[in-house]
Amino acid sequence: MALTDASCKNAKPKDKPYKLADANGLYLLVKPNGGRYWRLKYRVDGKEKLLSFGVYPEVSLLEARGERDKARKLLRGDTDPTQAKREEKRLSILNNQNNFEAVAREWHPIKKDSWTGQYGINVLHRLEMDIFPVMGKRPIADIEPPEMLDAIRQIERRGALDVSKRIASVYGQIFRYGIATGRVKCNPTPDIKDAFKPTIKGHFATIDADGIPAFVRALGRNDTRLFPVTRLAIRLMMLTFVRTSNLINARWDEFDLENGTWIIPAANMKQRKAAKLNPKNSHTVPLCRQAIALLADLRTYSRSDLLFPGRTNHKNP
């Protein structure tokens with residue numbers, strides 16, 4: 001008689017393994033330790049073989065019968081279910097290695113050495129925030145242009161049009177890497193280029209020379225209640241005009257206040273990796289007496305190697 005869920009549930013262990021038969025080769029193997037395992041007995045080319053379907057009750061009687069019926073259908077098509085199961089597992093592993101996120105994470109460290117440090121961090125961050133949640137687990141060879149465009153549209157909807165253009169460029173690089181490594185045959189990125197929202201170019205907000213005195217007075221009044229260190233940072237920027245990242249990441253050991261110089265290490269400059277490794281490419285910023293006085297004032301706030309340590313973590317700027 002065919003099995004019932006009650007007979008599976010009530011199967012008690014014995015001193016030796018025993019079988020509870022269902023139908024068409026399916027049976028429940030009950031082990032002495034109490035484990036109950038689904039097995040299918042079948043023949044291929046006259047040889048008896050076994051196929052496992054998991055453990056009861058994680059795999060129910062109904063589910064086991066469904067797996068049996070799938071296996072018998074394969075047999076009718078002259079396909080060995082065991083070989084088919086191995087091939088399915090192999091393709092699953094292959095897809096996990098060849099999904100978009102896996103290929104992108106393999107590509108990123110290869111390209112990172114040719115970028116400035118912060119840019120490489122930003123690229124990976126954009127992928128992790130905007131792309132991997134949408135299509136990261138998809139096999140890269142199966143990704144179509146509408147799927148890529150949908151991810152871009154989500155970025156555009158929050159108004160980050162510049163980010164969407166950068167992501168499209170990254171798309172292209174990842175797909176070209178996928179082609180070179182044999183994971184995908186074509187790059188669909190050009191097919192979505194004309195579907196982007198146009199970026200209306202403008203200028204960053206600025207003040208001209210006539211507006212600087214009013215700005216300095218407003219900074220002194222501090223109507224916006226900026227932190228004192230923030231106001232010192234703005235004033236130091238106005239006296240040196242270095243890159244914002246150089247100012248934020250500045251360390252006290254870069255300054256020679258006696259000689260009035262600030263030497264920004266080559267490694268912190270916006271230049272190629274080879275140039276960063278050469279100390280001769282360090283950048284010297286002359287300091288006026290007002291900047292030196294400002295730095296002396298800033299020193300009273302800083303108890304860190306950094307000029308501008310974070311308020312919650314002094315090890316980070």
Would you indicate whether the side-chain heavy atoms of [Y] and [X] approach each other to under 4.5 Å?
| X | Y | result |
| --- | --- | --- |
| Leu287 | Thr240 | yes |
| Thr244 | Met237 | yes |
| Met148 | Ile143 | yes |
| Tyr56 | Asp5 | yes |
| Ile140 | Ile174 | yes |
| Ser7 | Thr4 | yes |
| Ile179 | Lys185 | no |
| Val285 | Val242 | yes |

[X] and [Y]: which non-hydrogen atoms are nearest, and at how many Å?
| X | Y | result |
| --- | --- | --- |
| Arg105 | Leu124 | NH1-CD1, 3.9 Å |
| Leu295 | Trp252 | O-CH2, 3.4 Å |
| Thr79 | Ala84 | CG2-CB, 4.2 Å |
| Ile248 | Pro317 | O-CB, 3.3 Å |
| Pro32 | Pro13 | O-CB, 3.4 Å |
| Ala71 | Leu40 | CB-CD2, 3.6 Å |

Would you find more than 12 non-hydrogen atoms of other residues, nucleotides or ligands less than 6.0 Å from [X] atom [atom1]?
| X | atom1 | value |
| --- | --- | --- |
| Arg72 | CZ | no |
| Asp15 | CG | no |
| Lys41 | NZ | no |
| Glu258 | CD | no |
| Arg289 | CZ | no |
| Asp45 | CG | no |

Val123/Trp107 under side-chain contact (heavy atoms from CB on, under 4.5 Å): CA gap, chis, key distance, verdict: CA-CA 11 Å; Val123 167; Trp107 159 83; 4.1 Å; yes

Pairwise salt bridge (Lys or Arg N to Asp or Glu O under 4.0 Å) hits with a residue in residues 220-238, at least two apart: Arg221-Asp223

Salt bridge (Lys or Arg N to Asp or Glu O under 4.0 Å) partners of residues 301-310, not counting sequence neighbours, each pair once: Arg251-Asp305

Qualifying residues under salt bridge (charged side-chain N to carboxylate O under 4.0 Å, His left out), relative to Glu144, sequence neighbours excluded: none

Derivation and outcome, side-chain contact (heavy atoms from CB on, under 4.5 Å), residues Leu29 and Lys31: CA-CA 6 Å; Leu29 177 64; Lys31 297 254 184 121; 3.7 Å; yes

Rounded at 0.5 Å granularity, tell me how far [atom1] in [X] sits from [atom2] in [Y].
| X | Y | atom1 | atom2 | result |
| --- | --- | --- | --- | --- |
| Ser245 | Ile264 | OG | CD1 | 8.5 Å |
| Cys8 | Leu28 | SG | CG | 5.0 Å |
| Leu127 | Met129 | CG | CE | 11.5 Å |
| Leu61 | Leu26 | CG | CG | 7.5 Å |
| Ile292 | Gln290 | CD1 | CD | 9.5 Å |
| Ile131 | Ile155 | CD1 | CD1 | 4.5 Å |

Any sub-3.5 Å donor-acceptor pair from [X]'s side-chain atoms to [Y]'s backbone N or O?
| X | Y | answer |
| --- | --- | --- |
| Arg39 | Lys19 | no |
| His108 | Ile121 | no |
| Ser282 | Ala266 | yes |
| Arg68 | Ala23 | yes |
| Asp22 | Leu3 | yes |
| Ser304 | Leu306 | yes |
| Asp297 | Thr300 | no |
| Asp150 | Pro146 | no |

side-chain contact (heavy atoms from CB on, under 4.5 Å) between Val30 and Tyr37, intermediate numbers included: CA-CA 7 Å; Val30 184; Tyr37 303 87; over 6 Å; no

Derivation of the side-chain contact (heavy atoms from CB on, under 4.5 Å) call for Glu63 and Glu67: CA-CA 6 Å; Glu63 289 171 326; Glu67 292 298 321; 5.7 Å; no

Return yes if a side-chain donor-acceptor contact under 3.5 Å exists between [X] and [Y], otherwise no.
| X | Y | value |
| --- | --- | --- |
| Tyr42 | Asp80 | yes |
| Asn98 | Arg183 | yes |
| Asn187 | Thr189 | yes |

NZ or CZ of Lys137 within 45° of Phe100 ring axis and under 6.0 Å: no

Aromatic plane relationship, Trp262 with Phe255 - under 30° parallel, 30 to 60° tilted, over 60° perpendicular: parallel

Linked hydrophobic residues, Phe215 as query - side chain contacts closer than 4.5 Å: Ile207, Ile212, Val216, Leu219, Leu226, Ile234, Met238

Remaining members of hydrophobic cluster (4.5 Å side-chain criterion), Phe227: none

Hydrophobic cluster membership, Leu239 vs Leu298, 4.5 Å side-chain cutoff: yes

ILVMFWY cluster, Val44 and Leu51 together (side-chain gap under 4.5 Å): yes

Residue list, ring-ring contact (aromatic ring centres under 6.0 Å, His included) with Tyr27, at least two apart or on another chain: none

Lys/Arg-Asp/Glu bridge criterion (N-O < 4.0 Å) met for Glu106, Lys111: no

